[in-house]
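Comments concern the structure below.
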Amino acid sequence: MEERPGWRNRRAAAGLLGAALVISLCLLYAVAGPGPVDSQAADEVIGRTAVEHMRTGESYYEAMDQALRATNGPPKSWRAFREPMIFELWSLLSNERAVWLAFVVLAGLAGLAVAATSDAPLVAPLIPFYLLKSARLDQQFLVEMWAGPALVIAIASWRRGWYRTAAVITTATVLIRELAVVLLVGGLLSRRRDRTPWLVGLVVAVVCVGAHFAFAGRYASSSGSEAPLLGTGGLERALDMAGVGFSDRAIAGLVLWPVAWLRIRTDRELALFAGPLLAVPVLGLFVGRDYWGFVVVPTILLFALEGIWSVITRVRGSMSRQRRESNR
């Protein structure tokens with residue numbers, strides 16, 4: 001259906017306002033700086049310690065091995081190691097404030113991407129607000145936190161019709177956190193344009209992640225220990241994963257996750273593309289890792305807010321029509 005000029009003008013104005021709010025919010029968080037260090041957050045401490053070692057010239061795997069041994073003891077398997085790409089980036093930045101500013105930029109780009117492509121551009125500031133508020137709770141060295149906004153940008157690129165760009169961003173995100181591979185699967189399922197970029201991205205991701213596992217395995221120790229994975233989940237953990245970052249995670253997941261699903265069901269191609277990503281919290285039924293949710297919750301929040309905005313818009317439109325009819 002062809003868009004009316006009036007609608008396009010309102011959409012453009014709303015997009016500009018949403019972008020302005022995103023920029024203003026990010027400037028405030030940039031000035032505020034990172035939050036206080038929490039010495040009890042093991043993953044955060046390990047990431048920060050590994051980066052400090054890398055800044056002295058050590059390789060990623062040596063640095064991560066030392067950080068793991070100093071915090072949790074020797075690693076038992078490759079599973080203790082995250083992928084090196086984001087750590088290499090962090091090590092190039094001079095200090096924690098520089099890492100924070102880089103994350104503010106990434107969160108801001110996610111918000112601007114939403115303002116430019118969403119049918120509800122005024123919800124755009126809520127995406128970086130969620131990300132920055134969560135990361136400031138001493139979680140800026142959590143790799144999942146960086147994967148979440150990158151996937152929002154990939155989805156916005158896909159919506160714009162930049163399918164190759166979306167595939168490249170998604171592939172890069174897989175090299176931050178392997179869980180992002182589900183969006184590559186979504187790209188293959190979606191029938192928009194050529195599937196080749198998504199297939200190439202999947203091959204690149206498999207090769208790179210496989211090489212990472214091989215390198216990390218060299219540092220595994222039979223005397224090491226690691227927290228159990230399978231069998232630690234449950235329904236509440238799945239909801240926690242779908243609502244991580246909120247004060248009451250289970251309630252947030254119970255509300256936002258179904259609304260996000262309802263939103264993408266209105267667009268079959270979007271459902272095929274983003275559905276595998278939105279299904280990530282199902283893993284919480286088997287694995288109790290709530291922080292994995294940071295990979296997907298920015299997208300859940302985006303689609304849930306769009307769904308709520310759509311309902312509000314329809315209700316307002318219906319009320320306006322009723323008033324016009326009553327005044328005839």
Would you indicate whether the side-chain heavy atoms of [Y] and [X] approach each other to under 4.5 Å?
{"X": "Trp257", "Y": "Val282", "value": "yes"}
{"X": "Leu179", "Y": "Leu283", "value": "yes"}
{"X": "Leu132", "Y": "Cys26", "value": "yes"}
{"X": "Lys133", "Y": "Tyr29", "value": "yes"}
{"X": "Val45", "Y": "Phe141", "value": "no"}
{"X": "Val143", "Y": "Glu83", "value": "no"}
{"X": "Ser310", "Y": "Asp119", "value": "no"}
{"X": "Glu62", "Y": "Asp65", "value": "no"}

Under 3.5 Å donor-acceptor, [X] side chain and [Y] backbone:
{"X": "Thr266", "Y": "Arg263", "value": "yes"}
{"X": "Trp309", "Y": "Pro121", "value": "no"}
{"X": "Ser157", "Y": "Ile153", "value": "yes"}
{"X": "Arg195", "Y": "Leu188", "value": "yes"}
{"X": "Trp158", "Y": "Ala274", "value": "no"}
{"X": "Ser190", "Y": "Phe273", "value": "no"}
{"X": "Arg177", "Y": "Gly148", "value": "no"}

Between [X] and [Y], which heavy-atom pair has the shortest distance, and what is it?
{"X": "Val22", "Y": "Gly108", "answer": "CG1-O, 3.5 Å"}
{"X": "Pro298", "Y": "Ile127", "answer": "O-CD1, 3.9 Å"}
{"X": "Leu122", "Y": "Pro125", "answer": "O-CD, 3.3 Å"}
{"X": "Leu106", "Y": "Pro149", "answer": "CD2-CG, 3.6 Å"}
{"X": "Pro128", "Y": "Gly111", "answer": "CD-CA, 3.8 Å"}
{"X": "Met54", "Y": "Ala63", "answer": "CG-CB, 3.5 Å"}

*Audit row: Leu239, Arg249, side chain to side chain contact (heavy atoms under 4.5 Å, CB included) steps and yes/no*: CA-CA 7 Å; Leu239 294 175; Arg249 293 174 295 184; over 6 Å; no
*Taking the six-membered ring for Trp, are the ring centroids of Trp146 and Trp90 within less than 6.0 Å of each other?*
yes
_Near-ring test Tyr130/Phe246, centroid separation under 6.0 angstrom_ =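 Yes; Tyr130 has its ring centre under 6.0 Å from that of Phe246.
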When rounded to the nearest 0.5 angstrom, what distance separates [atom1] in [X] from [atom2] in [Y]?
{"X": "Glu178", "Y": "Thr173", "atom1": "CD", "atom2": "OG1", "value": "12.5 Å"}
{"X": "Glu96", "Y": "Arg48", "atom1": "CD", "atom2": "CZ", "value": "4.0 Å"}
{"X": "Leu142", "Y": "Phe103", "atom1": "CG", "atom2": "CZ", "value": "9.5 Å"}
{"X": "Thr232", "Y": "Leu285", "atom1": "OG1", "atom2": "CG", "value": "11.0 Å"}
{"X": "Met64", "Y": "Ser59", "atom1": "CE", "atom2": "OG", "value": "11.0 Å"}
{"X": "Ile155", "Y": "Ser118", "atom1": "CD1", "atom2": "OG", "value": "11.5 Å"}

Would you say that more than 12 heavy atoms from the other residues, nucleotides or ligands in this model lie under 6.0 Å from the [atom1] of [X], or not?
{"X": "Gln66", "atom1": "CD", "value": "yes"}
{"X": "Arg265", "atom1": "CZ", "value": "no"}
{"X": "Trp261", "atom1": "CH2", "value": "yes"}

Applying the 4.5 Å side-chain criterion to the ILVMFWY set and letting contacts propagate, would [X] and [Y] be lumped into a single cluster?
{"X": "Leu189", "Y": "Val182", "value": "no"}
{"X": "Leu256", "Y": "Leu235", "value": "yes"}
{"X": "Leu151", "Y": "Val105", "value": "yes"}
{"X": "Leu199", "Y": "Val168", "value": "no"}
{"X": "Ile23", "Y": "Leu25", "value": "no"}

*Relative to each other, are the rings of Tyr61 and Tyr219 parallel, tilted or perpendicular (30° and 60° limits)?*
parallel
_Flag for His53-Tyr60: side-chain donor and acceptor within less than 3.5 Å_ = no
*For Gln139 and Glu144, does a side-chain donor sit closer than 3.5 Å to a side-chain acceptor?*
no
_Pair Glu306-Arg159, salt bridge (charged side-chain N to carboxylate O under 4.0 Å, His left out): steps then yes or no_ = CA-CA 14 Å; Glu306 286 182 348; Arg159 281 176 151 176; 2.8 Å; yes
*Glu44 and Arg136 ion-paired at < 4.0 Å*: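 Judged by the 4.0 Å cut-off on N to carboxylate O distance, Glu44 and Arg136 do not form a salt bridge.
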*Check the pair Leu302, Val114 against side chain to side chain contact (heavy atoms under 4.5 Å, CB included), reporting the backbone distance first and the verdict last.*
CA-CA 8 Å; Leu302 168 62; Val114 171; 3.6 Å; yes
